[in-house]
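Notes to accompany the following structure.
Scope of the values below: all heavy atoms of this structure, side chains included, with no hydrogens, waters or symmetry mates. By convention in this document, chain letters (A, B, ...) are assigned in the order of the sequence lines, proteins followed by strands, and residues within each chain are numbered from 1.
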2 protein chains.
Amino acid sequence: MPERAAASGSDLPPPPWSRAPQRPPRRRRDLLTQEAIVDAALAVLDEDGLDLLSMRHVARTLNVSAAALYWHIGSKDGLLDLIFDRVIGEVDVPDPDPGRWQEQLKEVARGTRSTILAHRDVIRLSIGRIPMGPHAVRHADRVLAILRTAGVPDALAVAAQQLLISIVIGVAIDETGGGGHPPADQPPPHEAAALASDYLASLPSDRFPHLVAVADHIASANADERFELLLDLFVSGLAQRARS
Amino acid sequence: MPERAAASGSDLPPPPWSRAPQRPPRRRRDLLTQEAIVDAALAVLDEDGLDLLSMRHVARTLNVSAAALYWHIGSKDGLLDLIFDRVIGEVDVPDPDPGRWQEQLKEVARGTRSTILAHRDVIRLSIGRIPMGPHAVRHADRVLAILRTAGVPDALAVAAQQLLISIVIGVAIDETGGGGHPPADQPPPHEAAALASDYLASLPSDRFPHLVAVADHIASANADERFELLLDLFVSGLAQRARS
DNA sequence: ACCTGAACACCGTTCAAGT
DNA sequence: ACCTGAACACCGTTCAAGT
């Protein structure tokens with residue numbers, strides 16, 4: 001685990017429609033800081049899931065009244081914005097090495113996937129949030145660096161950078177099916193997979209011939225391999241375009 | 001818009017860990033039906049968004065007490081399961097035409113994308129839900145039919161079917177950034193895009209040289225084109241694997 | 001300047017009681 | 001069998017009041 005990228009300081013101009021107030025990092029010897037609140041909230045997110053992430057719960061964690069949080073983070077949405085950017089900061093992107101750009105892209109994708117899986121519910125939180133905090137901006141710049149330094153034309157580089165994220169998120173969503181913090185009473189991941197393929201195999205094969213025929217392939221499907229397959233299709237296809 | 005696939009009747013065995021009770025479609029001349037509740041809830045989802053989709057709200061829509069819903073759908077999670085499967089049923093999958101399998105895969109992807117964009121918040125609702133209702137099962141079988149009839153080996157077909165969904169969802173999430181039903185006070189989609197690229201262009205170019213350099217490409221990026229690019233990379237790469 | 005307590009308008013769900 | 005009303009334990013947010 002790399003330490004959180006500290007370079008992108010908070011001295012940037014505020015992104016548009018930002019919902020968290022800009023507060024100096026620490027004034028006196030107060031109990032609360034934006035950072036401390038984000039820490040606590042992220043812990044709740046990881047341990048209890050998004051559904052149990054309430055202002056009151058986070059406040060209880062910090063031995064503070066719920067209303068106290070509002071002075072620092074403005075609103076729950078503001079807090080979620082901060083959490084999102086914090087998590088983005090956890091994935092590190094290598095300095096460009098033009099000869100290895102295809103492999104570097106894959107490394108970024110793998111890193112992104114693994115931090116998503118480390119904070120499974122961040123994916124639900126991220127939907128509808130345009131990533132434009134300091135860490136998000138830094139991340140985008142560094143991925144673009146890999147592509148542009150390798151000679152990928154700008155328009156294609158922009159598309160590739162955005163598609164890469166989409167791909168990783170899409171696959172991660174599929175993988176958290178049944179996993180993550182279940183909405184209610186779902187069984188644990190592997191048991192769910194077993195139940196699922198049992199169910200598929202039990203379906204009437206005259207109505208669903210193909211599904212029943214491949215039920216065992218579904219059961220034995222490996223998420224890592226599938227992800228690598230997609231990365232391969234994407235990156236090698238991209239390289240082909242970049243050449244022409 | 002095709003009518004909802006009616007073939008997959010409710011005479012299937014219940015999927016594992018189903019959270020909605022199985023109720024006969026309509027007993028007497030009661031006020032409520034599972035179907036009527038799903039209709040109402042889907043309307044609320046489309047018009048007001050997931051955050052405003054509450055049992056009480058749906059019940060108000062139907063001139064019924066909130067508690068009345070529970071007899072029919074068991075829980076809110078059960079209702080969300082039913083909505084999810086209903087929406088899946090809206091995308092239609094063509095009968096296999098082996099000579100055109102690559103184009104058919106793309107058609108399915110485009111159809112899935114457009115029904116997601118027609119029910120933008122369904123994507124948030126879908127996370128963590130394993131699609132295994134009658135419509136989901138039918139959908140999977142028909143996509144597998146296209147692949148297997150074309151001679152794609154089973155293991156690859158299963159991977160391709162799952163990756164195709166992941167890809168579409170991933171791209172759709174990216175597109176609903178700022179759109180959908182905003183968490184709170186975000187600006188409308190195109191205004192948000194303008195604000196975003198203005199912000200990117202305003203960043204210090206010594207710290208984010210690549211991002212600033214391509215800010216205009218980001219502003220003029222076309223979601224449809226990007227989607228088609230990804231489809232092309234995916235499907236043609238897949239065809240290549242299938243041949244070897 | 002930073003934080004508390006109480007209040008407002010909501011939630012999902014249960015459960016006795018009605019018909 | 002189907003539905004209501006009231007209740008329980010929660011929410012996010014605001015706001016006067018304290019220090």
### Query
To the nearest 0.5 Å, how far apart are CG in B:Asp174 and CG in A:Leu163?
8.0 Å

#### Entry: Closest to the A:His72 side chain, choosing from C:dT13, C:dC2, C:dC3
C:dC3

### Task
Identify all stems in which DNA chain D takes part, counting only runs of at least 3 consecutive pairs (Watson-Crick or G-U wobble, each distance under 3.5 Å), and give each as one range with another, ordered by first number.
C:4-8 with D:12-16, C:12-16 with D:4-8

### Message
Can you identify which nucleotide, out of D:dA1, D:dT4, C:dT13, has its nearest atom closest to the B:Trp71 side chain?
### Response
D:dA1

### Query
Can you name the one residue among B:Lys76, B:Met132, B:Arg129 that meets side-chain contact (heavy atoms from CB on, under 4.5 Å) with B:Asp81?
B:Arg129

### Query
Of all the choices, C:dG12, D:dG12, D:dG5, which nucleotide is nearest to the side chain of B:Ala67 once you look at every atom?
D:dG5

## Note on the structure
Ranking C:dC3, C:dG5, C:dT14 by distance to the side chain of A:Ala68, first place goes to C:dC3

### Query
From the list D:dT4, C:dT13, D:dC11, which nucleotide is the closest neighbour of the side chain of A:Arg60?
D:dC11

### Task
Would you indicate what B:Ser54 reaches in the nucleic acid, counting non-hydrogen atoms under 4.0 angstrom: base, sugar-phosphate, or nothing?
sugar-phosphate

### Query
Out of D:dC11, D:dC2, C:dG12, which nucleotide sits closest to the side chain of B:Arg56?
C:dG12

### Message
Judged by each residue's nearest nucleotide on DNA chain C, which is more toward the 5′ side, B:Ser75 or A:Leu69?
### Response
A:Leu69

### Message
Given D:dT4, D:dC11, D:dG12, identify the nucleotide with an atom nearest to the side chain of A:Met55.
### Response
D:dG12

